[in-house]
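Notes for the one structure printed next.
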Amino acid sequence: MQVHLLYFATFRDVSGRDREDRQVPAGARVADLWDELVREMPGLARTGLTPPAAVNREYTGAETRLREGDEVAFLPPVAGG
Amino acid sequence: MQVHLLYFATFRDVSGRDREDRQVPAGARVADLWDELVREMPGLARTGLTPPAAVNREYTGAETRLREGDEVAFLPPVAGG
Amino acid sequence: MHLTRDPIDVAALLSSVRPSDGGVCLFLGVVRNENAGRSTTRIEYEAYGPMAEDELARIARGVELEWPGVQVRVRHRVGSLEVGEASVAILACAPHRADAFAACRAAIDRIKSTVPIWKKEFHPDGSSDWVDPTRGGVTGHS
Amino acid sequence: MHLTRDPIDVAALLSSVRPSDGGVCLFLGVVRNENAGRSTTRIEYEAYGPMAEDELARIARGVELEWPGVQVRVRHRVGSLEVGEASVAILACAPHRADAFAACRAAIDRIKSTVPIWKKEFHPDGSSDWVDPTRGGVTGHS
(Lines give C-alpha, C1' and ligand atoms only; values in the text may rest on other atoms or scores of the structure.)
Protein backbone atom coordinates (compact mmCIF):
# COMPACT_ATOMS: atom_id res chain seq x y z
CA MET A 1 0.00 0.00 0.00
CA GLN A 2 1.02 3.59 -0.45
CA VAL A 3 1.47 6.40 2.08
CA HIS A 4 2.32 10.04 1.57
CA LEU A 5 5.40 11.13 3.50
CA LEU A 6 6.26 14.70 4.49
CA TYR A 7 9.71 15.93 5.57
CA PHE A 8 10.35 19.06 7.60
CA ALA A 9 13.32 21.04 8.85
CA THR A 10 16.40 18.84 9.49
CA PHE A 11 14.65 15.77 8.11
CA ARG A 12 14.03 17.62 4.87
CA ASP A 13 17.65 18.74 4.76
CA VAL A 14 18.93 15.20 5.36
CA SER A 15 16.56 13.52 2.92
CA GLY A 16 16.82 16.19 0.26
CA ARG A 17 13.08 16.13 -0.31
CA ASP A 18 9.98 17.65 1.27
CA ARG A 19 7.51 14.92 0.28
CA GLU A 20 7.27 11.55 -1.41
CA ASP A 21 4.81 8.74 -2.01
CA ARG A 22 6.15 5.47 -0.67
CA GLN A 23 5.07 1.84 -0.81
CA VAL A 24 4.92 0.09 2.56
CA PRO A 25 3.96 -3.53 3.37
CA ALA A 26 0.38 -4.10 4.50
CA GLY A 27 0.25 -3.98 8.31
CA ALA A 28 3.36 -1.84 8.63
CA ARG A 29 3.57 0.26 11.77
CA VAL A 30 4.83 3.82 12.08
CA ALA A 31 8.02 2.47 13.67
CA ASP A 32 8.59 0.09 10.74
CA LEU A 33 8.43 2.96 8.28
CA TRP A 34 10.90 4.95 10.37
CA ASP A 35 13.30 2.01 10.54
CA GLU A 36 13.15 1.69 6.76
CA LEU A 37 13.84 5.40 6.30
CA VAL A 38 16.83 5.25 8.65
CA ARG A 39 18.27 2.27 6.75
CA GLU A 40 18.12 4.33 3.56
CA MET A 41 19.15 7.62 5.15
CA PRO A 42 21.22 6.98 8.30
CA GLY A 43 21.56 10.74 8.84
CA LEU A 44 17.93 10.83 10.00
CA ALA A 45 18.73 8.88 13.15
CA ARG A 46 19.73 11.14 15.97
CA THR A 47 18.91 9.16 19.09
CA GLY A 48 17.94 5.64 18.10
CA LEU A 49 14.36 6.38 19.10
CA THR A 50 11.50 6.88 16.69
CA PRO A 51 10.79 10.62 16.65
CA PRO A 52 7.30 11.96 17.29
CA ALA A 53 5.12 11.12 14.33
CA ALA A 54 1.89 12.47 12.93
CA VAL A 55 -0.53 10.44 10.84
CA ASN A 56 -3.12 12.47 9.03
CA ARG A 57 -2.06 15.55 10.97
CA GLU A 58 -2.43 14.10 14.44
CA TYR A 59 0.25 12.91 16.82
CA THR A 60 0.26 9.14 16.95
CA GLY A 61 2.24 6.37 18.63
CA ALA A 62 5.06 4.44 17.01
CA GLU A 63 3.00 1.23 17.16
CA THR A 64 0.13 2.65 15.10
CA ARG A 65 -0.51 0.63 11.94
CA LEU A 66 -0.45 2.56 8.70
CA ARG A 67 -3.30 2.53 6.23
CA GLU A 68 -3.52 3.11 2.53
CA GLY A 69 -3.31 6.80 1.71
CA ASP A 70 -2.15 7.96 5.14
CA GLU A 71 -0.30 11.27 5.32
CA VAL A 72 2.72 10.56 7.53
CA ALA A 73 5.25 12.98 8.98
CA PHE A 74 8.12 12.33 11.36
CA LEU A 75 8.72 15.49 13.33
CA PRO A 76 12.11 16.89 14.31
CA PRO A 77 12.13 18.63 17.72
CA VAL A 78 9.62 21.43 17.42
CA ALA A 79 10.70 25.00 18.16
CA GLY A 80 7.70 27.23 17.68
CA GLY A 81 6.97 30.34 19.66
CA MET B 1 3.23 74.79 63.25
CA GLN B 2 1.38 74.39 60.00
CA VAL B 3 0.97 71.35 57.74
CA HIS B 4 -0.71 71.02 54.38
CA LEU B 5 -3.41 68.35 54.33
CA LEU B 6 -4.75 66.60 51.23
CA TYR B 7 -8.03 64.64 51.02
CA PHE B 8 -8.81 61.99 48.41
CA ALA B 9 -11.75 59.82 47.39
CA THR B 10 -14.07 58.96 50.33
CA PHE B 11 -12.08 61.20 52.68
CA ARG B 12 -12.65 64.12 50.32
CA ASP B 13 -16.35 63.29 50.13
CA VAL B 14 -16.68 63.09 53.92
CA SER B 15 -14.65 66.22 54.66
CA GLY B 16 -16.08 68.23 51.81
CA ARG B 17 -12.66 69.55 50.89
CA ASP B 18 -9.66 68.39 48.87
CA ARG B 19 -6.98 70.35 50.77
CA GLU B 20 -6.45 72.61 53.73
CA ASP B 21 -3.67 74.19 55.77
CA ARG B 22 -3.94 73.21 59.42
CA GLN B 23 -2.18 74.21 62.63
CA VAL B 24 -0.86 71.31 64.72
CA PRO B 25 1.00 71.38 68.06
CA ALA B 26 4.79 71.11 67.90
CA GLY B 27 5.79 67.45 68.23
CA ALA B 28 2.45 66.11 66.96
CA ARG B 29 2.57 62.69 65.39
CA VAL B 30 0.69 61.50 62.30
CA ALA B 31 -1.68 59.56 64.58
CA ASP B 32 -2.41 62.68 66.65
CA LEU B 33 -3.45 64.57 63.54
CA TRP B 34 -5.70 61.72 62.49
CA ASP B 35 -7.34 61.59 65.91
CA GLU B 36 -8.02 65.30 65.71
CA LEU B 37 -9.57 64.96 62.25
CA VAL B 38 -11.81 62.13 63.42
CA ARG B 39 -13.01 64.17 66.39
CA GLU B 40 -14.04 66.92 63.95
CA MET B 41 -15.34 64.58 61.26
CA PRO B 42 -16.41 61.24 62.76
CA GLY B 43 -17.39 60.02 59.29
CA LEU B 44 -13.70 59.61 58.47
CA ALA B 45 -13.30 56.75 60.93
CA ARG B 46 -14.05 53.40 59.34
CA THR B 47 -12.15 50.94 61.48
CA GLY B 48 -10.71 52.72 64.49
CA LEU B 49 -7.24 52.34 63.03
CA THR B 50 -5.20 55.15 61.56
CA PRO B 51 -5.31 54.67 57.78
CA PRO B 52 -2.13 54.53 55.73
CA ALA B 53 -0.59 57.98 55.64
CA ALA B 54 1.86 59.75 53.38
CA VAL B 55 4.08 62.60 54.47
CA ASN B 56 5.70 64.52 51.65
CA ARG B 57 4.48 61.88 49.21
CA GLU B 58 5.98 58.87 50.95
CA TYR B 59 4.24 56.24 53.05
CA THR B 60 5.05 56.78 56.68
CA GLY B 61 4.17 55.26 60.04
CA ALA B 62 1.51 56.59 62.38
CA GLU B 63 4.20 57.42 64.97
CA THR B 64 6.12 59.75 62.67
CA ARG B 65 6.39 63.26 64.04
CA LEU B 66 5.16 66.04 61.80
CA ARG B 67 7.30 68.98 60.82
CA GLU B 68 6.51 72.51 59.73
CA GLY B 69 5.34 72.60 56.11
CA ASP B 70 4.80 68.85 55.73
CA GLU B 71 2.39 67.72 53.04
CA VAL B 72 0.19 65.12 54.74
CA ALA B 73 -2.38 62.79 53.21
CA PHE B 74 -4.39 60.01 54.83
CA LEU B 75 -5.16 57.43 52.18
CA PRO B 76 -8.46 55.55 51.78
CA PRO B 77 -8.02 51.95 50.54
CA VAL B 78 -6.29 52.26 47.18
CA ALA B 79 -7.88 50.71 44.12
CA GLY B 80 -5.60 51.40 41.18
CA GLY B 81 -5.07 49.08 38.27
CA MET C 1 5.40 60.29 33.21
CA HIS C 2 3.42 57.21 34.22
CA LEU C 3 0.02 58.85 34.68
CA THR C 4 -1.99 59.98 31.71
CA ARG C 5 -5.40 61.52 31.07
CA ASP C 6 -5.23 60.35 27.44
CA PRO C 7 -5.88 56.80 26.27
CA ILE C 8 -2.86 54.56 26.84
CA ASP C 9 -0.82 54.21 23.66
CA VAL C 10 -0.08 50.47 23.51
CA ALA C 11 1.82 50.72 20.24
CA ALA C 12 4.17 53.30 21.76
CA LEU C 13 4.75 51.02 24.75
CA LEU C 14 5.53 48.07 22.50
CA SER C 15 8.09 50.15 20.62
CA SER C 16 10.32 49.99 23.70
CA VAL C 17 11.10 46.29 23.15
CA ARG C 18 14.88 45.82 22.86
CA PRO C 19 16.81 43.67 20.34
CA SER C 20 17.87 41.36 23.16
CA ASP C 21 14.27 40.67 24.22
CA GLY C 22 12.68 37.35 23.31
CA GLY C 23 9.64 37.49 25.59
CA VAL C 24 7.23 40.38 25.96
CA CYS C 25 4.35 40.32 28.43
CA LEU C 26 1.81 43.11 28.26
CA PHE C 27 -0.91 43.37 30.88
CA LEU C 28 -3.89 45.63 30.43
CA GLY C 29 -6.39 46.35 33.17
CA VAL C 30 -9.67 47.14 31.45
CA VAL C 31 -12.90 48.69 32.72
CA ARG C 32 -15.43 45.87 33.05
CA ASN C 33 -19.18 46.17 32.59
CA GLU C 34 -19.85 44.79 36.07
CA ASN C 35 -18.29 44.43 39.52
CA ALA C 36 -19.54 42.55 42.57
CA GLY C 37 -22.77 41.77 40.78
CA ARG C 38 -23.63 45.33 39.81
CA SER C 39 -23.51 46.82 36.31
CA THR C 40 -20.89 49.46 35.65
CA THR C 41 -21.28 52.18 33.05
CA ARG C 42 -17.98 53.98 33.60
CA ILE C 43 -15.24 54.46 36.19
CA GLU C 44 -13.56 57.64 37.36
CA TYR C 45 -9.94 57.21 38.37
CA GLU C 46 -8.44 59.70 40.78
CA ALA C 47 -4.78 59.82 41.79
CA TYR C 48 -2.63 61.56 44.35
CA GLY C 49 -0.68 62.59 41.27
CA PRO C 50 2.87 63.33 42.39
CA MET C 51 2.95 60.47 44.89
CA ALA C 52 1.40 58.03 42.41
CA GLU C 53 4.08 59.00 39.89
CA ASP C 54 6.78 58.30 42.45
CA GLU C 55 5.21 54.98 43.49
CA LEU C 56 4.80 53.76 39.91
CA ALA C 57 8.43 54.62 39.16
CA ARG C 58 9.56 52.95 42.37
CA ILE C 59 7.63 49.77 41.59
CA ALA C 60 8.97 49.57 38.03
CA ARG C 61 12.52 50.09 39.28
CA GLY C 62 12.06 47.54 42.05
CA VAL C 63 10.81 44.87 39.68
CA GLU C 64 13.70 45.54 37.31
CA LEU C 65 16.14 45.09 40.18
CA GLU C 66 14.45 41.91 41.33
CA TRP C 67 14.43 40.38 37.82
CA PRO C 68 17.73 41.45 36.28
CA GLY C 69 17.54 41.88 32.53
CA VAL C 70 13.86 42.72 32.57
CA GLN C 71 12.63 46.09 31.36
CA VAL C 72 9.36 47.33 32.84
CA ARG C 73 7.17 50.13 31.50
CA VAL C 74 4.03 51.30 33.30
CA ARG C 75 1.16 53.59 32.36
CA HIS C 76 -1.90 54.38 34.47
CA ARG C 77 -4.87 56.34 33.30
CA VAL C 78 -6.78 58.93 35.34
CA GLY C 79 -10.13 60.59 34.63
CA SER C 80 -13.36 59.07 33.35
CA LEU C 81 -13.08 55.75 31.50
CA GLU C 82 -15.72 53.88 29.55
CA VAL C 83 -16.20 50.11 29.64
CA GLY C 84 -13.48 48.48 27.53
CA GLU C 85 -10.89 51.21 28.04
CA ALA C 86 -7.53 50.30 29.59
CA SER C 87 -6.90 51.88 32.98
CA VAL C 88 -3.41 50.44 33.39
CA ALA C 89 -0.78 48.95 31.11
CA ILE C 90 2.38 47.13 32.10
CA LEU C 91 4.96 46.03 29.59
CA ALA C 92 7.65 43.62 30.78
CA CYS C 93 10.33 42.62 28.27
CA ALA C 94 13.05 40.06 28.90
CA PRO C 95 15.39 37.76 27.04
CA HIS C 96 13.16 34.84 28.11
CA ARG C 97 9.46 34.56 28.78
CA ALA C 98 9.48 33.28 32.37
CA ASP C 99 11.00 36.53 33.61
CA ALA C 100 8.66 38.63 31.48
CA PHE C 101 5.57 36.92 32.93
CA ALA C 102 6.81 37.01 36.53
CA ALA C 103 7.88 40.65 36.40
CA CYS C 104 4.64 41.74 34.74
CA ARG C 105 2.54 39.94 37.31
CA ALA C 106 4.55 41.31 40.23
CA ALA C 107 4.27 44.85 38.87
CA ILE C 108 0.47 44.81 38.56
CA ASP C 109 0.06 43.18 41.98
CA ARG C 110 2.21 45.86 43.61
CA ILE C 111 0.51 48.68 41.71
CA LYS C 112 -2.87 47.53 42.96
CA SER C 113 -1.71 47.33 46.54
CA THR C 114 0.29 50.54 47.07
CA VAL C 115 -0.20 53.22 44.42
CA PRO C 116 -2.46 56.03 45.68
CA ILE C 117 -5.14 55.77 43.04
CA TRP C 118 -8.87 55.42 43.67
CA LYS C 119 -11.78 54.57 41.46
CA LYS C 120 -15.44 55.41 41.58
CA GLU C 121 -17.81 53.13 39.71
CA PHE C 122 -20.94 54.55 38.13
CA HIS C 123 -24.05 52.42 37.72
CA PRO C 124 -26.93 52.57 35.23
CA ASP C 125 -29.22 54.16 37.84
CA GLY C 126 -26.81 57.07 38.22
CA SER C 127 -25.47 56.02 41.64
CA SER C 128 -21.76 55.58 42.25
CA ASP C 129 -19.39 53.84 44.66
CA TRP C 130 -15.76 54.15 45.64
CA VAL C 131 -14.21 50.74 45.14
CA ASP C 132 -12.71 49.34 48.34
CA PRO C 133 -10.69 46.16 47.71
CA THR C 134 -10.26 45.69 51.47
CA ARG C 135 -14.00 45.14 51.76
CA GLY C 136 -14.20 42.70 48.86
CA GLY C 137 -16.12 45.11 46.70
CA VAL C 138 -17.37 48.60 47.19
CA THR C 139 -17.88 51.05 50.04
CA GLY C 140 -21.11 52.84 50.74
CA HIS C 141 -22.11 54.74 47.69
CA SER C 142 -21.33 58.41 47.50
CA MET D 1 -6.49 31.05 10.74
CA HIS D 2 -3.74 31.04 13.37
CA LEU D 3 -0.73 31.01 11.04
CA THR D 4 0.22 34.08 9.09
CA ARG D 5 2.98 35.13 6.72
CA ASP D 6 2.20 38.78 7.43
CA PRO D 7 3.25 40.68 10.55
CA ILE D 8 0.98 39.91 13.50
CA ASP D 9 -1.64 42.62 13.93
CA VAL D 10 -1.61 43.26 17.67
CA ALA D 11 -4.24 45.99 17.49
CA ALA D 12 -6.64 43.59 15.77
CA LEU D 13 -6.00 41.00 18.47
CA LEU D 14 -6.68 43.53 21.22
CA SER D 15 -9.99 44.43 19.59
CA SER D 16 -11.34 41.04 20.66
CA VAL D 17 -11.45 42.06 24.34
CA ARG D 18 -15.02 41.66 25.66
CA PRO D 19 -17.00 44.07 27.86
CA SER D 20 -16.87 41.53 30.71
CA ASP D 21 -13.05 41.38 30.64
CA GLY D 22 -11.09 43.17 33.34
CA GLY D 23 -7.68 41.57 32.76
CA VAL D 24 -5.89 41.20 29.45
CA CYS D 25 -2.57 39.43 29.14
CA LEU D 26 -0.77 39.61 25.81
CA PHE D 27 2.38 37.60 25.25
CA LEU D 28 4.65 38.25 22.29
CA GLY D 29 7.53 36.00 21.35
CA VAL D 30 10.07 38.18 19.59
CA VAL D 31 13.13 37.35 17.48
CA ARG D 32 16.19 38.04 19.62
CA ASN D 33 19.57 39.21 18.38
CA GLU D 34 21.33 36.24 19.96
CA ASN D 35 20.77 32.66 21.14
CA ALA D 36 23.06 30.32 23.05
CA GLY D 37 25.87 32.83 22.80
CA ARG D 38 25.73 33.33 19.01
CA SER D 39 24.45 36.40 17.17
CA THR D 40 21.26 36.03 15.17
CA THR D 41 20.46 38.14 12.13
CA ARG D 42 17.09 36.62 11.27
CA ILE D 43 15.01 33.48 11.79
CA GLU D 44 13.05 31.44 9.26
CA TYR D 45 9.94 29.80 10.68
CA GLU D 46 8.59 26.73 8.94
CA ALA D 47 5.33 24.98 9.83
CA TYR D 48 3.56 21.76 9.00
CA GLY D 49 0.77 24.14 8.09
CA PRO D 50 -2.49 22.20 8.37
CA MET D 51 -1.38 20.29 11.45
CA ALA D 52 -0.01 23.43 13.12
CA GLU D 53 -3.37 25.13 12.52
CA ASP D 54 -5.15 22.22 14.17
CA GLU D 55 -2.75 22.14 17.11
CA LEU D 56 -2.98 25.88 17.73
CA ALA D 57 -6.78 25.71 17.68
CA ARG D 58 -6.74 22.69 19.97
CA ILE D 59 -4.44 24.41 22.47
CA ALA D 60 -6.53 27.59 22.53
CA ARG D 61 -9.70 25.57 23.04
CA GLY D 62 -8.09 23.44 25.73
CA VAL D 63 -6.92 26.47 27.70
CA GLU D 64 -10.37 28.04 27.45
CA LEU D 65 -11.90 24.85 28.84
CA GLU D 66 -9.37 24.65 31.65
CA TRP D 67 -9.88 28.31 32.68
CA PRO D 68 -13.61 28.91 32.23
CA GLY D 69 -14.41 32.50 31.31
CA VAL D 70 -11.08 33.07 29.62
CA GLN D 71 -10.90 33.89 25.93
CA VAL D 72 -7.69 32.92 24.14
CA ARG D 73 -6.51 34.15 20.75
CA VAL D 74 -3.34 32.86 19.10
CA ARG D 75 -1.32 33.96 16.08
CA HIS D 76 1.94 32.40 14.85
CA ARG D 77 4.07 33.79 12.11
CA VAL D 78 5.86 31.76 9.42
CA GLY D 79 8.52 32.84 6.93
CA SER D 80 11.60 35.00 7.45
CA LEU D 81 11.56 37.32 10.48
CA GLU D 82 13.98 40.06 11.42
CA VAL D 83 15.24 40.76 14.94
CA GLY D 84 12.47 42.51 16.90
CA GLU D 85 9.59 41.00 14.95
CA ALA D 86 6.95 38.98 16.82
CA SER D 87 6.84 35.30 15.89
CA VAL D 88 3.92 34.45 18.15
CA ALA D 89 1.18 36.37 19.93
CA ILE D 90 -1.21 35.09 22.58
CA LEU D 91 -4.03 37.17 23.94
CA ALA D 92 -5.81 35.90 27.05
CA CYS D 93 -8.75 37.95 28.33
CA ALA D 94 -10.66 37.23 31.52
CA PRO D 95 -12.84 38.95 34.08
CA HIS D 96 -9.87 38.90 36.49
CA ARG D 97 -6.13 39.06 35.96
CA ALA D 98 -5.04 35.83 37.63
CA ASP D 99 -6.85 33.74 35.03
CA ALA D 100 -5.58 35.91 32.18
CA PHE D 101 -1.96 35.44 33.26
CA ALA D 102 -2.28 31.71 33.93
CA ALA D 103 -4.06 30.97 30.66
CA CYS D 104 -1.62 33.04 28.62
CA ARG D 105 1.37 31.32 30.18
CA ALA D 106 -0.13 27.85 29.70
CA ALA D 107 -0.90 28.59 26.06
CA ILE D 108 2.63 29.67 25.14
CA ASP D 109 4.18 26.75 27.04
CA ARG D 110 2.00 24.28 25.18
CA ILE D 111 2.56 25.94 21.83
CA LYS D 112 6.31 25.64 22.27
CA SER D 113 6.12 21.98 23.19
CA THR D 114 3.70 20.52 20.65
CA VAL D 115 2.97 22.68 17.62
CA PRO D 116 4.85 21.43 14.54
CA ILE D 117 6.81 24.57 13.80
CA TRP D 118 10.57 24.79 13.32
CA LYS D 119 12.97 27.66 13.18
CA LYS D 120 16.30 28.16 11.51
CA GLU D 121 18.57 30.85 12.89
CA PHE D 122 20.85 32.78 10.60
CA HIS D 123 24.15 34.18 11.83
CA PRO D 124 26.25 37.15 10.69
CA ASP D 125 28.73 34.83 8.94
CA GLY D 126 25.94 33.42 6.77
CA SER D 127 25.71 30.06 8.53
CA SER D 128 22.42 28.79 9.91
CA ASP D 129 21.11 26.28 12.46
CA TRP D 130 17.85 24.53 13.15
CA VAL D 131 16.95 25.31 16.75
CA ASP D 132 16.60 22.16 18.84
CA PRO D 133 15.18 22.90 22.30
CA THR D 134 15.77 19.28 23.32
CA ARG D 135 19.50 19.87 23.01
CA GLY D 136 19.51 23.10 24.95
CA GLY D 137 20.31 25.17 21.91
CA VAL D 138 20.90 24.32 18.29
CA THR D 139 21.57 21.27 16.16
CA GLY D 140 24.38 20.97 13.72
CA HIS D 141 24.18 23.80 11.25
CA SER D 142 22.60 23.16 7.90
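The basis for the numbers below is simple: all heavy atoms, side chains too, and nothing from hydrogens, waters or symmetry mates. Just so it is clear: chains get the letters A, B, ... in the order the sequence lines come, proteins before strands, and each one is counted from 1.
When each of D:Gly23, D:Ser20, D:Ser87, D:Ala100 is checked for heavy-atom pairs under 4.5 Å with chain C, D:Ser20 comes out on top. Ranked by heavy-atom pairs shorter than 4.5 Å toward chain D, the options C:Ala92, C:Gly29, C:Cys104, C:Ala86 are led by C:Cys104. In terms of heavy-atom pairs under 4.5 angstrom with chain C, the leader among D:Cys25, D:Gly22, D:Ala11 is D:Gly22. Per-residue heavy-atom pair counts under 4.5 Å with chain D were compared for C:Asp21, C:Leu91, C:Val88, and the maximum is reached by C:Asp21.
D:Leu14 touches chain C through its side chain: at least one heavy atom from C-beta onward sits under 4.5 Å away, while N, CA, C and O do not. In this structure, no portion of C:Ala89 lies under 4.5 Å from any heavy atom of chain D. Interface residue D:Ala98: backbone and side-chain heavy atoms are both found under 4.5 Å from chain C. If you measure heavy-atom distances from D:Val31 to chain C, the contacts under 4.5 Å come from the backbone alone.
The aromatic rings of C:Phe27 and D:Phe101 sit parallel to each other, their planes meeting at less than 30°, with 60° as the upper class boundary.
You'll find the side chain of C:Leu26 stays beyond 4.5 Å of the side chain of D:Val10, heavy atoms only.
Remark: of the listed residues D:Thr40, D:Val83, D:Val30, D:Val83 is the sole one forming a side chain to side chain contact (heavy atoms under 4.5 Å, CB included) with C:Pro19.
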